[in-house]
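Side-chain atoms are counted along with the backbone in the values below, which use heavy atoms only and exclude waters and symmetry mates.
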Amino acid sequence: MFLEAADDYASLQQTFPLPDLPSGHNGAVSDRLYWVVVLHAALLRKFFAYGEQTELHRVIGAARSRFVTDNPRVAANLMEMERFAKSTTVPSRLADTPEGGSVSAWERVIIDLYGRHLHSDFGKWHASKRFLHRSNTIRYI
């Protein structure tokens with residue numbers, strides 16, 4: 001299931017590639033860029049949401065139980081997946097707030113996706129209002 005979901009995502013990436021943010025954009029992001037990023041985040045969340053069958057931590061655990069991890073290539077690939085799955089920091093601006101605060105990358109993704117786009121969670125919607133302009137989009141992950 002994980003491999004097919006990853007193949008599906010690769011197909012989406014080919015069809016709707018994530019564009020690079022132009023330099024000198026002064027915080028303005030087009031609606032097209034914003035929604036392409038939200039679409040990608042919505043589909044990728046299944047790899048990070050706790051309890052999902054395709055969550056990377058579950059997949060890594062399953063791989064560790066089935067593969068000979070003393071193979072240097074396998075061990076290196078699993079370590080890279082773990083590093084990516086545990087990522088909590090992002091480049092500047094993703095989660096900046098008017099008060100000068102910030103949140104972790106995945107907290108911002110969850111707040112935006114579940115409060116604004118995939119569900120109607122009032123608390124998360126309200127929390128999303130503390131972020132600066134939506135140009136602080138999920139693209140910066």
Side-chain angles (χ1 to χ4, degrees), residues 1-69 71-141:
M1 187 165 62
F2 172 80
L3 293 175
E4 286 188 17
D7 285 344
D8 287 345
Y9 177 72
S11 176
L12 172 92
Q13 171 60 20
Q14 289 177 350
T15 306
F16 301 103
L18 280 168
D20 290 328
L21 189 64
S23 60
H25 69 291
N26 296 329
V29 171
S30 69
D31 283 347
R32 181 187 181 284
L33 174 59
Y34 179 79
W35 289 112
V36 166
V37 169
V38 168
L39 173 65
H40 279 259
L43 293 176
L44 285 172
R45 63 152 279 296
K46 72 173 131 280
F47 299 115
F48 297 95
Y50 178 74
E52 291 282 340
Q53 293 297 319
T54 53
E55 178 192 7
L56 280 179
H57 291 291
R58 284 181 142 189
V59 173
I60 293 166
R64 284 200 180 283
S65 71
R66 296 200 179 357
F67 294 117
V68 177
T69 55
N71 176 312
R73 189 171 63 89
V74 171
N77 288 340
L78 287 173
M79 284 181 11
E80 180 63 16
M81 281 182 67
E82 286 173 328
R83 185 190 65 75
F84 182 69
K86 292 177 182 174
S87 175
T88 58
T89 60
V90 294
S92 64
R93 298 186 331 120
L94 172 72
D96 292 345
T97 64
E99 314 83 53
S102 64
V103 298
S104 72
W106 295 112
E107 183 181 352
R108 169 69 193 263
V109 170
I110 296 301
I111 288 170
D112 275 352
L113 288 180
Y114 289 101
R116 302 186 65 83
H117 304 303
L118 298 180
H119 299 286
S120 298
D121 180 306
F122 179 80
K124 288 183 176 61
W125 170 82
H126 191 265
S128 76
K129 298 295 192 182
R130 72 181 186 209
F131 299 120
L132 298 175
H133 187 270
R134 76 177 188 192
S135 65
N136 292 332
T137 185
I138 305 159
R139 168 65 175 99
Y140 292 98
I141 293 177

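- Aromatic ring orientation, H117 versus W35: perpendicular (interplanar angle above 60°, classes split at 30° and 60°).
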Which pairs would a plain distance check flag for residues 7-17, meaning a side-chain donor or acceptor within less than 3.5 Å of a matching protein atom at least two apart in sequence or in another chain?
from : atom 1 : to  : atom 2 : distance (Å)
Y9   : OH     : H40 : ND1    : 2.6
Q13  : OE1    : L18 : N      : 3.4
T15  : OG1    : S11 : O      : 2.9

| said: Walk me through whether R116 and V38 qualify under side-chain contact (heavy atoms from CB on, under 4.5 Å). | reply: CA-CA 10 Å; R116 302 186 65 83; V38 168; over 6 Å; no
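- Taking E55 as the reference, nothing meets the salt bridge (charged side-chain N to carboxylate O under 4.0 Å, His left out) condition, with sequence neighbours excluded.
- Here the closest non-hydrogen pair linking A42 and L118 is CB-CD2, 4.0 Å.
- Taken from NE2 in H126 to CG in D121, the straight-line distance is 12.0 Å, to the nearest 0.5 Å.
- Between I111 and K124 the shortest heavy-atom distance is CG2-O, 3.3 Å.
- Taking CZ of F47 as the reference point, atom CZ of R58 lies at 14.0 Å (rounded to 0.5 Å).
- Here the shortest heavy-atom pairing between T54 and A5 reads CG2-CB, 4.4 Å.
- Rounding to the nearest 0.5 Å places CG of L78 at 6.5 Å from CD of E82.
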